[in-house]
Amino acid sequence: MLELALKEQLKGIFANLDANYTFDIQVAPGHESRQELLELLNDVADCSDKIKVEVKDSEGLKFTLLKNGQKTGINFRAVPNGHEFTSLLLAVLNADGKGKNFPDEAVCNRVKALNGPINITTYVSLTCTNCPDVVQALNAMTTLNNQITNTTVDGAINQEEVESLKIQAVPSVYADGKLIHVGRGEFGELLSKLEEKYGVNENAVEKTVKTYDVIVLGGGPAGSSAAIYSARKGLQVAVVAEKIGGQVKETVGIENLISIPETTGSELADNLKTHMNRYPIDLLEHRKVEKVEVAGKDKIITTSTGETFVAPALIIATGASWRKLNIQGEAEHIGRGVAFCPHCDGPFYKGKHVAVVGGGNSGIEAAIDLAGICSKVTVLEFMDELKADQVLQEKAKSLPNVEIFTSSQTTEVIGNGEKVTGIRVKDRKTEEERIINLDGIFVQIGLAANSGIFRELVETNRPGEIVIDTHCRTNVPGIYAAGDVSTVPFKQIIISMGEGAKAALSAFEDRMRGVI
């Protein structure tokens, strides 16, 4: 199953394993995926004398990773190829203490302090590009806390189970039978949800206070640029972020970053992190900012990990998030027919009728992608004409199973509590309302500034963007904003990078002038 070149790579990756590992397989003799699973795991085991395979006849399909004969808490009810192959490799490396995806010590300590036992089941699709991040984060948690288990389940080979749970979006994460997360997610977000459900032994977590010259909130293009420019001035810099890369990480293709003809969001995020790591910048990832205060010239940041960071200069570069419709029925059906990622959740709607709300580039691109999977795609655009590039419009209009309605206001998501059954739409010209019966809705209506926690601190406009001057200064001395969270026009990667640099240079100038 594995190509020779890949097997040679795996031999190098597993060369320094210390412990002995077993893929403990339990699979029905007649299971349709039995042979595929055995071939995959035997090929992986062939790459190291520290890994072996044991097979037992049983019902269904499952395997557990054992370390020196003991359960690690990592289980798969899946054939982890496709996007989940890396999750399989990291499961072994993490168990051996050689994984590269562990957060810093403070975040690890929060995981270790979680109250258990915690039994997690993560439903995935092997075509989902966001699922591996969630699977790998939860598997890493099992390595840090032996009261946590995570079982990764491929919905495609466990369809009856997925249908009984009414799952229509992945990843879907259940903790002891309760749904706690749907869709893309980072380590810190998942940890926060587990903390909320199970609690933390706070006595086991050390509270720390650190002081810097500049604190950057956000790790996307604007935040990374601000951190690098500040560090190059010889300043002590910290980046506090939920994830390095920000919204960029969720972008599939990037072709307008000047001098780089083509890249992906994931690659760009990795490059941003690599660049920042060349400087003495503290990258404090997987943290959510819970409070921001001003005391004299000091800006005091409190995070979800209980840490406190203090600096005279604060650069807000928290970016933006997918905008929701905020209409009746939407919240109740997120993950049950309302989705935001056609790449991840499109396969659930094979042969079905879906709507795409939004006629910009992202909406029309989604419609084109979904047309290859779904029986019918209905595009609903609020404005009187589509906003997408002409080439995308022409492609969508050429597809026989795509219909496009402009001047259409979506007013309600209709469902039965378990799944979406339709959408209510009003014609803005005639005021006539109608219900379109369908199976799923993909929301593609742009982004909203991540500024909620700052709105009592700095001036924002009606859409919630932080108001800045031409030097990225806010109305509060020592607080700057850059990128998509600010009022800068045109939300583009290259513009955010320039704005981040501008904010850093403005902060340095204010420092030299004694303003901060």
Side-chain angles (χ1 to χ4, degrees), residues 103-107 206-246 272-319 450-451 453-454 457-458 466 468-483 485-486 496-516:
D104 59 80
E105 184 179 5
V107 177
E206 182 181 357
K207 306 294 183 182
T208 61
V209 179
K210 294 183 180 179
T211 301
Y212 296 92
D213 296 319
V214 179
I215 294 174
V216 179
L217 302 183
S224 301
S225 177
I228 289 167
Y229 266 73
S230 296
R232 286 175 62 85
K233 293 294 186 182
L235 303 178
Q236 290 183 299
V237 183
V239 174
V240 180
E242 292 187 48
K243 58 183 175 184
I244 300 302
L272 292 175
K273 190 169 189 176
T274 298
H275 198 169
M276 284 191 284
N277 278 328
R278 293 200 174 185
Y279 297 91
I281 299 169
D282 282 359
L283 297 184
L284 307 172
E285 201 175 0
H286 309 301
R287 290 160 170 82
K288 187 174 182 179
V289 176
E290 293 193 336
K291 186 165 60 174
V292 181
E293 301 170 284
V294 177
K297 291 187 176 182
D298 285 336
K299 317 306 181 292
I300 305 168
I301 314 300
T302 304
T303 73
S304 54
T305 56
E307 300 162 290
T308 300
F309 306 114
V310 182
L314 173 64
I315 300 175
I316 301 171
T318 46
N450 294 326
S451 62
I453 199 168
F454 311 111
L457 182 66
V458 295
I466 296 175
I468 57 171
D469 65 12
T470 56
H471 289 72
C472 296
R473 296 183 178 100
T474 70
N475 63 315
V476 177
I479 300 183
Y480 312 82
V485 74
S486 76
S496 291
M497 287 179 170
E499 290 292 297
K502 191 196 298 182
L505 294 174
S506 296
F508 183 73
E509 182 180 90
D510 289 348
R511 180 184 176 92
M512 294 298 98
R513 292 170 49 227
V515 175
I516 58 175

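Index from 1, following the sequence.
- In this structure, OG1 on Thr211 lies 9.5 Å from CD1 on Ile300, to the nearest 0.5 angstrom.
- Scanning for side-chain hydrogen bond (donor to acceptor under 3.5 Å, both in side chains) contacts around Glu499 gives Lys502, with sequence neighbours left out.
- Note that the NZ atom of Lys288 and the OG atom of Ser304 stand 8.0 Å from one another [nearest 0.5 Å].
- Between the Ser486 side chain and the Gly483 main chain, a donor and an acceptor come within less than 3.5 Å of each other.
- The two atoms that bring Val476 and Val458 nearest to each other are CG2-CG1, 3.8 Å, heavy atoms only.
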Leu505/Lys233 under side-chain contact (heavy atoms from CB on, under 4.5 Å): CA gap, chis, key distance, verdict
CA-CA 9 Å; Leu505 294 174; Lys233 293 294 186 182; 3.8 Å; yes

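- When each of Ile466, Asn450, Val240 is checked for a side chain to side chain contact (heavy atoms under 4.5 Å, CB included) with Thr318, only Asn450 meets the rule.
- Residues Leu272 and Ser224 come closest through the heavy atom pair CB-OG, 3.7 Å.
- Residues satisfying the salt bridge (Lys or Arg N to Asp or Glu O under 4.0 Å) test with Glu509, not counting sequence neighbours, are Arg473.
- The environment of CZ in Phe454 is crowded: more than 12 heavy-atom neighbours from other residues, nucleotides or ligands sit within 6.0 Å.
- Across every non-hydrogen atom of Asn475 and Pro477, the tightest pair is O-CD, 3.8 Å.
- Contacts of Ala507 classified as side-chain contact (heavy atoms from CB on, under 4.5 Å), with partners at least two apart in sequence or in another chain: Ala313, Tyr480.
- Glu285 is linked by a side-chain hydrogen bond (donor to acceptor under 3.5 Å, both in side chains) to Lys273, counting only residues two or more places apart in sequence or in another chain.
- With values rounded to the nearest 0.5 angstrom, Asp282 atom CG is found 8.5 Å from Phe309 atom CZ.
- We find the CD1-CG distance between Ile281 and Leu235 to be 10.5 Å, quoted to the nearest 0.5 Å.
- Taking 4.5 Å as the limit, every side-chain heavy atom of Leu457 sits out of range of all side-chain heavy atoms of Thr474.
- Note: Ile244 CD1 to Leu284 CG = 8.5 Å, rounded to the nearest 0.5 Å.
- The residues Asp510 and Lys297 are annotated as not salt-bridged, no charged nitrogen and carboxylate oxygen being separated by less than 4.0 angstrom.
- With hydrogens and angles disregarded, a donor-acceptor distance shorter than 3.5 Å links the side chain of Ser225 to the backbone of Met497.
- Here the closest non-hydrogen pair linking Ser496 and Pro221 is CB-CB, 4.2 Å.
- Side chain of Lys291 to backbone of Val289: no donor-acceptor contact under 3.5 angstrom is found.
- Gln236 meets the side-chain hydrogen bond (donor to acceptor under 3.5 Å, both in side chains) test with no other residue; sequence neighbours excluded.
- Annotation: the span from Leu217 atom CG to Lys299 atom NZ amounts to 12.0 Å, rounded to 0.5 Å.
- For the salt bridge (Lys or Arg N to Asp or Glu O under 4.0 Å) test, residues two or more places apart in sequence or in another chain that qualify with Lys243 are Glu250.
- Annotation for Gly218 and Val239: closest pair O-CG1, 3.6 Å, computed over non-hydrogen atoms.
- Shown here for Val237 and Ser230, the closest heavy-atom pair between the two residues is CG2-CB, 3.6 Å.
- Proximity of a side-chain donor or acceptor of Asp104 to a complementary backbone N or O of Ala106 within less than 3.5 Å is detected.
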